[in-house]
Engineer: 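Take a look at the following structure, please.
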Amino acid sequence: MKYASTRDSSTQVTAARAIASGLAPDGGLFVPVTIPAVDESFLKKLCTMDYRERAVAVMELYLEDFTREELEEDVKNAYGANYDDPAIVPVRFLRDGTGVVELYHGPTCAFKDMALQMLPYLLTASLKKCGEERQVCILVATSGDTGKAALEGFADVPRTKIQVFYPRDGVSDVQKLQMASQTGDNVCVTAVAGNFDDAQTGVKTIFGDRAFADKLTERGWFLSSANSINWGRLLPQIVYYFSAYCDFVNAGRLEMGQPINFVVPTGNFGDILAGWYAKQMGLPVKTLICASNANNVLTDFIRQGTYDKNRPFYTTSSPSMDILVSSNLERLLYCLSGDDKLVAGYMQALKETGSYTVGEDLRQAVSREFWAGSCDDARTFAAIRARFEEEGYLMDTHTAVAWSVLEDYRKETGDTTATAVLSTASPFKFCDSVLRALGEETDAPGTVLLEQLTAKTGVPAPAPLAALKNKAVRFTECVEKTEMLPAVDAFVR
């Protein structure tokens, strides 16, 4: 199987090269030239497997230059004792039958672990398969969870360095402490005086600097990505859609072949795009419901066909979705239109003017695949409070956004299809907001809030977060967004 650039489909590479490179040379994103198809017999087999076996069965369809034995070993290492639930991705069914897909049982307590525990194995194997002799520096822009998950995955991995940039005032106290206390001789964490889009734009600009790339090559290094612009990051996320469907079937909540809806809280569009790939492969998905917070650029685009980042940026209680430039939307536009020049034009317009409008055919194609909604912090807090008071189920702010949007979807459409809500983070990563939702105001630091949330709810904090109070802060540097390249230059030596 080959992978093509969204901006020049004549640029086609192997899976290993796509993963090693991260970004295409023209600035586009790699997508599979063909999407593998599965049938009901495939799904029935998955139902008899555990999560690790499902991961191998799904990913090997896209990784023809990897052996099954390689993938089995990598999956075993990626999803092992570092997860605190033997199911890896358990589904909790609430009273109304909605299934909450808990994606946060890994070492950093966020869904990004599902991909970023796997990516280092895929990347190091890809470098070998490509005959790459240079060492690789992973650059990451994070709105909170990707950074820590990537740091945890790549810490002390041979022949790699990793540098993470995060918005100084755009992550929770717990998220910041998770990153700033990261151990490892090959890691670096830097705050940016700006928002996530500033950090993400800065990283993309560094990737596109050919002169800097040449300088790094002279030193024996090259850059790659652990953001979802890297196909090796997106691919493992497809797996949990299949796994959740199988769990619905095994629990008697669905008959094999019946459709399911997924509600996904998303900012960069990668998580929900993984669900779209699963649907194109043959998973019986009816509707993919895109849930946004007050930064509702995706809601407006899916409903109206205009993507416009020229709007107020809101700092919300669900910071991982505080994003106005959704990188992975580029992949969807290419796959639905099949026109690389059209996509390149949209991306150029976004860069130059901050907006673009798709044609009517493409707008309708998007709206057939997705339903979109958004909610503010008040409704987010109300959803957290209601689910805990009525059912004793504690959810984080991002999951609560998804729950609120699901309520809107059901009211607007009357759809009673079985539905899975993707729960993307432990509520303990956002203690201050969850406590406020439950009626407690506090200015205490994050590690104290962990204990306070446990006292309030009776729910124990995950072990990796509880251990933060004993961690030393290693990284305190903050740079202007214009100084990100010099920071990388100083690190990659």
Engineer: Please confirm whether W231 and Y277 have ring centers closer than 6.0 angstrom.
Structural biologist: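 So the answer is yes for these two rings.
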Engineer: Keeping the roles fixed (side chain from Q175, backbone from S172), state whether a donor-acceptor pair exists under 3.5 Å.
Structural biologist: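 Side chain of Q175 to backbone of S172, a donor-acceptor pair under 3.5 Å: yes, one is there.
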Engineer: Tabulate below the donor-acceptor pairs under 3.5 Å that side-chain atoms of residues 432-451 make, not counting sequence neighbours, or state none.
Structural biologist:
| unit_1 | atom_1 | unit_2 | atom_2 | d |
| --- | --- | --- | --- | --- |
| E440 | OE1 | Q452 | NE2 | 2.9 |
| T442 | OG1 | A444 | N | 3.1 |
| E451 | OE2 | K469 | NZ | 3.3 |

Engineer: Given ring-ring contact (aromatic ring centres under 6.0 Å, His included), test F370 with F269 step by step and report yes or no.
Structural biologist: CA-CA 12 Å; F370 300 89; F269 206 72; 5.4 Å; yes
Engineer: Before you tell me yes or no, could you show the steps for K148 and E152 under salt bridge (charged side-chain N to carboxylate O under 4.0 Å, His left out), namely the whole-Å CA-CA distance, both residues' side-chain angles and the distance that decides it to 0.1 Å?
Structural biologist: CA-CA 6 Å; K148 174 58 180 177; E152 190 73 19; 3.2 Å; yes
Engineer: Please tell me if the side chains of V101 and V89 come closer than 4.5 Å, counting only heavy atoms from C-beta onward.
Structural biologist: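 Heavy-atom side-chain distance check passes, below 4.5 Å.
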Engineer: Determine yes or no for a side-chain-to-main-chain donor-acceptor pair under 3.5 angstrom, with S243 supplying the side chain and V239 the backbone.
Structural biologist: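 Absent.
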Engineer: Heavy-atom distance under 4.5 Å between the side chains of M114 and Y83, does that happen here?
Structural biologist: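 Yes, side chains in contact.
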Engineer: Can you find a heavy atom in the side chain of F207 that is under 4.5 Å from one in the side chain of V203?
Structural biologist: yes
Engineer: Would you confirm whether Y245, through its side chain, and G257, through its main-chain N or O, come within 3.5 Å as a donor-acceptor pair?
Structural biologist: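 Yes, because the side chain of Y245 sits within donor-acceptor range (under 3.5 Å) of the backbone of G257.
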Engineer: Distance check, rounded to the nearest 0.5 Å: R95 atom CZ versus E390 atom CD?
Structural biologist: 8.0 Å
Engineer: Quick one: is the NZ or CZ of R303 closer than 6.0 Å to the six-membered ring centre of W371, and within 45° of its axis?
Structural biologist: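 The answer is yes; both the distance and angle limits are met.
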Engineer: Decide side-chain hydrogen bond (donor to acceptor under 3.5 Å, both in side chains) for D396 and T399; before the verdict, give the C-alpha distance in whole Å, the side-chain angles of both, and the deciding distance to 0.1 Å.
Structural biologist: CA-CA 5 Å; D396 87 297; T399 309; 2.5 Å; yes
Engineer: For the side chain of R54 and the backbone of F242, is there at least one donor-acceptor N/O pair under 3.5 Å apart?
Structural biologist: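 It does not hold such a pair.
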Engineer: Can you find a heavy atom in the side chain of L453 that is under 4.5 Å from one in the side chain of V459?
Structural biologist: no
Engineer: D322 and N195: side-chain donor and acceptor closer than 3.5 Å?
Structural biologist: no
Engineer: Salt-bridge test for K44 and E40: reply yes if a basic N is under 4.0 Å from a carboxylate O, no otherwise.
Structural biologist: yes
Engineer: Which residue pairs pass the side-chain hydrogen bond (donor to acceptor under 3.5 Å, both in side chains) test when at least one of the two sits in residues 265-275, sequence neighbours left out?
Structural biologist: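 As it turns out, the side-chain hydrogen bond (donor to acceptor under 3.5 Å, both in side chains) pairs with a partner in residues 265-275, which skip direct neighbours, are Q200-N268, Q237-D271, Y240-D271.
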Engineer: Take a 6.0 Å sphere around OH of Y314 and say whether it holds more than 12 heavy atoms from other residues, nucleotides or ligands.
Structural biologist: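 No.
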Engineer: Without swapping roles, check the side chain of T6 against the backbone of L29 for a donor-acceptor pair under 3.5 Å.
Structural biologist: yes
Engineer: What's the verdict on side-chain hydrogen bond (donor to acceptor under 3.5 Å, both in side chains) for R311 and N296, showing C-alpha distance, side-chain angles and the deciding distance?
Structural biologist: CA-CA 10 Å; R311 61 180 65 209; N296 59 353; 3.0 Å; yes
Engineer: Looking at E360, I want to see if its CD is surrounded by more than 12 non-hydrogen atoms of other residues, nucleotides or ligands under 6.0 Å.
Structural biologist: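 Counting neighbours around CD of E360, more than 12 heavy atoms of other residues, nucleotides or ligands fall under 6.0 Å, so yes.
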Engineer: With a sphere of 6.0 Å drawn around NZ of K481, does it hold more than 12 non-hydrogen atoms of other residues, nucleotides or ligands?
Structural biologist: no
Engineer: What distance do L273 atom CG and S326 atom OG have between them, rounded to the nearest 0.5 Å?
Structural biologist: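 With rounding to 0.5 Å, CG (L273) is 11.0 Å from OG (S326).
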Engineer: Taking the six-membered ring for Trp and the full ring for Phe, Tyr or His, determine whether the centres of F111 and H398 are under 6.0 Å apart.
Structural biologist: no
Engineer: Is a donor on one side and an acceptor on the other found under 3.5 Å between the side chain of D300 and the backbone of Y307?
Structural biologist: no
Engineer: With no hydrogens and no angle check, is any side-chain donor or acceptor of T201 less than 3.5 Å from a backbone partner on D198?
Structural biologist: no
Engineer: Can a donor-acceptor pair be found, under 3.5 Å and without considering hydrogens, that links the side chain of T413 to the backbone of Y409?
Structural biologist: yes
Engineer: Start with the C-alpha distance between R52 and D74, add both sets of side-chain angles, then the distance that settles salt bridge (charged side-chain N to carboxylate O under 4.0 Å, His left out), and finish with yes or no.
Structural biologist: CA-CA 10 Å; R52 299 172 187 84; D74 292 345; over 6 Å; no
Engineer: Tell me yes or no: between the side chains of N261 and D415, is some donor less than 3.5 Å from an acceptor?
Structural biologist: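 Per modelled atom types, N261 and D415 side chains form a pair under 3.5 Å.
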Engineer: What's the spacing between I35 CD1 and I238 CD1 if we round to 0.5 Å?
Structural biologist: 8.5 Å
Engineer: Under 3.5 Å, side chain of D85 to main-chain N/O of H105, donor-acceptor pair present?
Structural biologist: no
Engineer: I'd like to check M59 versus M118 (side-chain heavy atoms, cut-off strictly below 4.5 Å). Are they in contact?
Structural biologist: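 Yes, side chains in contact.
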Engineer: Determine whether the aromatic ring centres of Y3 and F30 lie less than 6.0 Å apart.
Structural biologist: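 For Y3 and F30, the ring centres are not under 6.0 Å apart.
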Engineer: Show, in sequence, the C-alpha distance, side-chain angles and deciding distance for D113 and T108, and conclude whether the side-chain hydrogen bond (donor to acceptor under 3.5 Å, both in side chains) test is met.
Structural biologist: CA-CA 7 Å; D113 288 326; T108 76; 2.8 Å; yes
Engineer: What's the separation between atom CD in Q258 and atom OG1 in T417, rounded to the nearest 0.5 Å?
Structural biologist: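 Answer for the CD-OG1 pair, Q258 versus T417, is 9.5 Å.
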Engineer: So does W403 get a backbone contact from the side chain of R387, meaning a donor-acceptor N/O pair under 3.5 Å?
Structural biologist: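 No: the side chain of R387 does not pair with the backbone of W403.
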Engineer: Taking the side chain as every heavy atom from C-beta outward, state whether T419 and L406 have any atom pair closer than 4.5 Å.
Structural biologist: yes
Engineer: Using side-chain heavy atoms (C-beta onward) and a distance below 4.5 Å, is F262 in contact with L422?
Structural biologist: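 F262 reaches L422 side chain to side chain.
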Engineer: Could D247 and R253 be called an ion pair, given the rule that one side-chain N must be under 4.0 Å from one carboxylate O?
Structural biologist: no
Engineer: Set out, in order, the CA-CA distance, both residues' side-chain angles and the distance that settles side-chain contact (heavy atoms from CB on, under 4.5 Å) for I138 and V140, then state yes or no.
Structural biologist: CA-CA 6 Å; I138 308 297; V140 178; 3.9 Å; yes
Engineer: Could you give the distance from CD1 (I88) to CG (D50), rounded to the nearest 0.5 Å?
Structural biologist: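 The CD1 atom of I88 sits 8.0 Å away from the CG atom of D50.
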Engineer: Between K429 and D145, is the salt bridge (charged side-chain N to carboxylate O under 4.0 Å, His left out) condition met? List the steps.
Structural biologist: CA-CA 9 Å; K429 296 199 76 167; D145 289 331; 2.7 Å; yes
Engineer: Flag the pair F388 / Y393 as yes when their ring centroid distance falls below 6.0 Å, and as no otherwise.
Structural biologist: no
Engineer: Output the distance between atom CG (L298) and atom CG (N328), rounded to the nearest 0.5 Å.
Structural biologist: 10.5 Å
Engineer: In sequence, state the C-alpha distance, the side-chain angles, and the governing distance for C375 and E407, and then conclude on side-chain contact (heavy atoms from CB on, under 4.5 Å).
Structural biologist: CA-CA 11 Å; C375 80; E407 292 177 335; over 6 Å; no
Engineer: Test S228 against K112 for side-chain hydrogen bond (donor to acceptor under 3.5 Å, both in side chains), laying out the working first.
Structural biologist: CA-CA 10 Å; S228 54; K112 306 297 176 71; over 6 Å; no
Engineer: Report yes or no: do R410 and T98 form a side-chain donor-acceptor pair below 3.5 Å?
Structural biologist: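 T98 and R410 do have a side-chain donor-acceptor pair below 3.5 Å.
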